Amino acid sequence: MSFWSDFVVTNPKEWEQKVLKDFKTKVKEDFIFKTDYGNINPFSKNVNSLHISRNEILKEIRWKFSSQKNLNKAILNRLNNGVNSIYLSGIKFEKTIFKNVMCDIINNHIKLNPKWSGNDLQLWNNWGISIASGTLRMDPLEDMLENYDDHQLKVQLDSYLNFKKTLNNQNLNCIYVDCTSHESYFKNYGLEIAVTAAHLNEIIEFHKSNKIEIPPRFIISIAINNSYLESVSKIIAIRTLIHRISNAHQLNINIEIETVISPKILQNKEFDFRLMSITCICMASLLGGANSFELSDDLIESHDEYWKKIIVNIPLILTEESHLNNHMSEGAHVIEEMASKMAHKSWSLFKNIETQNGLLQLLKTNQFSNFIK
């Protein structure tokens, strides 16, 4: 006998009638979610699923380090707390960084700055020869969306080209797109996802035009907020668009989505609010099918080691004890409808960008702000 056999089978129309009966002063239109990517009817199940893979699981709990101060000690402490991935962002190589760090059993991600000298890049390149798992990553379009400059773009693309051609360990090779600033730059999901896709497409086209082998690993780093259902849907929609782009280029690739907590939602917030937001966004990451979830000192504004351990425990408990995963959102028709409409709206905007010769051309000709309007 099924557990669910004790419940009376209902249909969406019956739920709609029940809700309208309980809320006597409301009409159906009052419950419709009006969004920039379309209206969401919470009573309807008539939506086409995006049919993307539900096999994605969150494998990495990573800690972001962006300061050289006491770095080795900080890495060892976070690994001891339970993270399985370290992420060094914009940190130049020093031998002391990895003292007593067992790099062969963790994921090591190093974000390289395209503005660095060739020597600084080569030091990390040499270090990566013996590393088994992780990435040496660089986004050649870094900061171009916020501050486009023709000369600086050429410098960064040249740096990227040289880096890709001289990379020693191909196991660390990837196409990396850092879209963590997009969440605060755009006012709607449709445009944010479309620009993320256009950002990726520019990097793919650069590889092709310069005859650089395209690695089979795409990593997209995005920021999400505590709008719970929309955050889950956003991750699904982004994965859908990347699949479409890779299919259009006839590429067989693995897509990895990394989620970062949007810093603007934590500004001037109390400690308890921060802990709840971390939990909410981690849950959204799990249900949306993100592959990696990022933590950092900035999330709690505390130097107390105890609280850093506590926030590491949040994703550990959700994954290892609560067993949350993205299968649980399958069939949730509001999420399915949100994700589907986000993806369709974003794909339409992405094609619009491409008909105008791509994102970089819009930025170069100062047409990007007009496009947003």
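On a predicted model such as this, the values are computed, not experimentally measured, just so you know.
Ala198 and Leu359 get closest at one heavy-atom pair: CB-CB, 4.0 Å. In terms of heavy atoms, Ala237 sits closest to Ala343 at CB-N, 3.9 Å. Residue His333 comes nearest to Pro42 through the heavy atom pair NE2-O, 2.8 Å, listed as atom of the first residue, atom of the second, then distance. In terms of heavy atoms, Ser277 sits closest to Leu266 at CB-CD2, 3.9 Å. Here the closest heavy-atom approach between residue Asn72 and residue Ile97 is recorded as ND2-O, 3.0 Å. Nearest heavy atoms, Ala290 versus Ile235: N-CG2, 4.1 Å.
Crowding of Lys341 atom NZ: a count of heavy atoms from other residues, nucleotides or ligands under 6.0 Å exceeding 12. For Lys59, the NZ atom sits in a loose shell: 12 or fewer heavy atoms of surrounding residues, nucleotides or ligands are nearer than 6.0 Å. Residue-environment remark: NZ (Lys264) exceeds the threshold of 12 foreign heavy atoms within 6.0 Å. In this structure, Asn252 places its CG atom where only 12 or fewer heavy-atom neighbours from other residues, nucleotides or ligands lie under 6.0 Å away. Heavy-atom contacts from other residues, nucleotides or ligands closer than 6.0 Å to NZ of Lys165 number 12 or fewer.
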- Message: Using the rule given for side-chain contact (heavy atoms from CB on, under 4.5 Å), can you reason through Leu275 versus Phe271, listing the C-alpha separation, both sets of side-chain angles and the distance that settles it, and then say yes or no?
- Response: CA-CA 6 Å; Leu275 289 179; Phe271 195 82; 3.6 Å; yes
- Show your working on side chain to side chain donor-acceptor pair (under 3.5 Å) between Asn173 and Gln170 and close with a plain yes or no. CA-CA 5 Å; Asn173 196 7; Gln170 289 301 312; 2.9 Å; yes
- Query: Would Tyr176 and Thr135 satisfy side-chain contact (heavy atoms from CB on, under 4.5 Å), going step by step from the backbone distance to the final call?
  - Reply: CA-CA 9 Å; Tyr176 173 64; Thr135 58; over 6 Å; no
- Worked verdict on Lys308 versus His303 for side chain to side chain donor-acceptor pair (under 3.5 Å): CA-CA 8 Å; Lys308 294 177 183 180; His303 298 296; 5.1 Å; no
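Note: the hydrophobic cluster containing Leu88 does not contain Val260 (ILVMFWY, side chain heavy atoms under 4.5 Å, direct or indirect links). Both Ile105 and Val101 are part of a single hydrophobic cluster, where members link through side-chain heavy atoms under 4.5 Å apart. In the hydrophobic cluster analysis, where Ile, Leu, Val, Met, Phe, Trp and Tyr join through side-chain heavy atoms closer than 4.5 angstrom, Ile300 is grouped together with Trp63.
Side-chain atoms of Glu146 and Ser181 form a donor-acceptor pair, as typed in the model, at a separation below 3.5 Å. Residues Asn126 and Gln122 bring a donor and an acceptor atom of their side chains to less than 3.5 Å of each other. Glu354 and Asn201 share a donor-acceptor pair across their side chains, judged by distance under 3.5 Å alone. Side-chain contact, Glu56 with Asn291: a donor N or O sits under 3.5 Å from an acceptor N or O. Looking only at atom types and distance, the side chain of Asn247 has no donor-acceptor partner in the side chain of Arg244 under 3.5 Å away. Side chains of Ser117 and Asp120: a donor-acceptor N/O pair is present below 3.5 angstrom, by distance only.
With values rounded to the nearest 0.5 angstrom, Ile106 atom CD1 is found 13.5 Å from Arg62 atom CZ. Interatomic distance, Glu202 CD to Leu360 CG, rounded to the nearest 0.5 Å: 4.0 Å. Expressed to the nearest 0.5 Å, how far NZ of Lys234 lies from OG1 of Thr196 amounts to 7.0 Å. Note that CD of Glu270 and CD of Glu301 are 10.5 Å apart. Values are rounded to the nearest 0.5 Å. Taking OG of Ser231 as the reference point, atom CG of Asn226 lies at 7.5 Å (rounded to 0.5 Å). Summarising the geometry, atom SG belonging to Cys179 is positioned 11.0 Å from atom CD belonging to Glu258; distances are rounded to the nearest 0.5 Å.
Using a 4.5 Å heavy-atom threshold, the side chains of Ile175 and Arg217 count as separate. Two residues are said to be in side-chain contact when any heavy atoms from C-beta on lie closer than 4.5 Å; Thr35 and Glu230 meet this criterion. Using a 4.5 Å heavy-atom threshold, the side chains of Phe33 and Met338 count as touching. Counting heavy atoms from C-beta on, the side chains of Val27 and Asp30 come closer than 4.5 Å. Counting heavy atoms from C-beta outward, Glu305 and Asn77 have side chains that approach closer than 4.5 Å. Contact check for Pro315 versus Cys282: side-chain heavy atoms found under the 4.5 Å cut-off. Residues Ile220 and Glu256 fail the side-chain proximity criterion, which asks for heavy atoms closer than 4.5 Å. Taking the side chain as every heavy atom from C-beta outward, Leu76 and Lys99 never approach each other to under 4.5 Å.
Partners of Lys211 by salt bridge (Lys or Arg N to Asp or Glu O under 4.0 Å), not counting sequence neighbours: none found. Applying the side-chain hydrogen bond (donor to acceptor under 3.5 Å, both in side chains) test to Asn107 and every residue at least two apart in sequence or in another chain returns Glu60, Ser133.
Side chain of Asn210 to main chain of Phe206: a donor-acceptor pair is present (N/O by atom type, distance under 3.5 Å, no hydrogens or angles). Between the side chain of Ser67 and the main chain of Lys69, a donor-acceptor pair closer than 3.5 Å is present. Side-chain atoms of Asp178 never come within 3.5 Å of backbone atoms of Asp139 as a donor-acceptor pair (strictly under, hydrogens ignored). Checking side-chain atoms of Asn11 against main-chain N and O of Glu14 turns up a donor-acceptor pair under 3.5 Å. Ser340 contributes no side-chain N or O that, together with a main-chain N or O of Glu336, makes up a donor-acceptor pair within less than 3.5 Å. Side chain of Asn147 to backbone of Asp143: no donor-acceptor contact under 3.5 angstrom is found. Between the Ser262 side chain and the Asn225 main chain, no donor and acceptor come within less than 3.5 Å of each other. A distance-only check finds a donor-acceptor pair linking the side chain of Thr355 to the backbone of Asn352 [under 3.5 Å]. Asn169 places a side-chain N or O within 3.5 Å of a backbone atom of Ile131 that can act as its donor or acceptor partner. The main-chain N or O of Asn168 is found under 3.5 Å from a side-chain atom of Asn125 such that the two form a donor-acceptor pair.
Taking the six-membered ring where tryptophan is involved, the planes of Phe368 and Tyr185 are essentially parallel, since the angle between them stays under 30° and well short of 60°. In this pair, Trp124 and Phe98 present their aromatic rings perpendicular. The plane angle is above 60°, beyond the 30 to 60° band.
A side-chain contact (heavy atoms from CB on, under 4.5 Å) with Phe218 is found for one member of Ile245, Val177, Ile253 and no other, namely Ile253. Exactly one residue among Lys111, Lys115, Arg137 makes a salt bridge (charged side-chain N to carboxylate O under 4.0 Å, His left out) with Glu142. That residue is Lys111.
Judged by the 6.0 Å distance and 45° axis criteria, Lys309 is not positioned over the aromatic ring of Tyr306.
The ring of Tyr160 has its center closer than 6.0 angstrom to the ring center of His207. Taking the six-membered ring for Trp and the full ring otherwise, Phe23 and Phe31 have centroids separated by under 6.0 Å.
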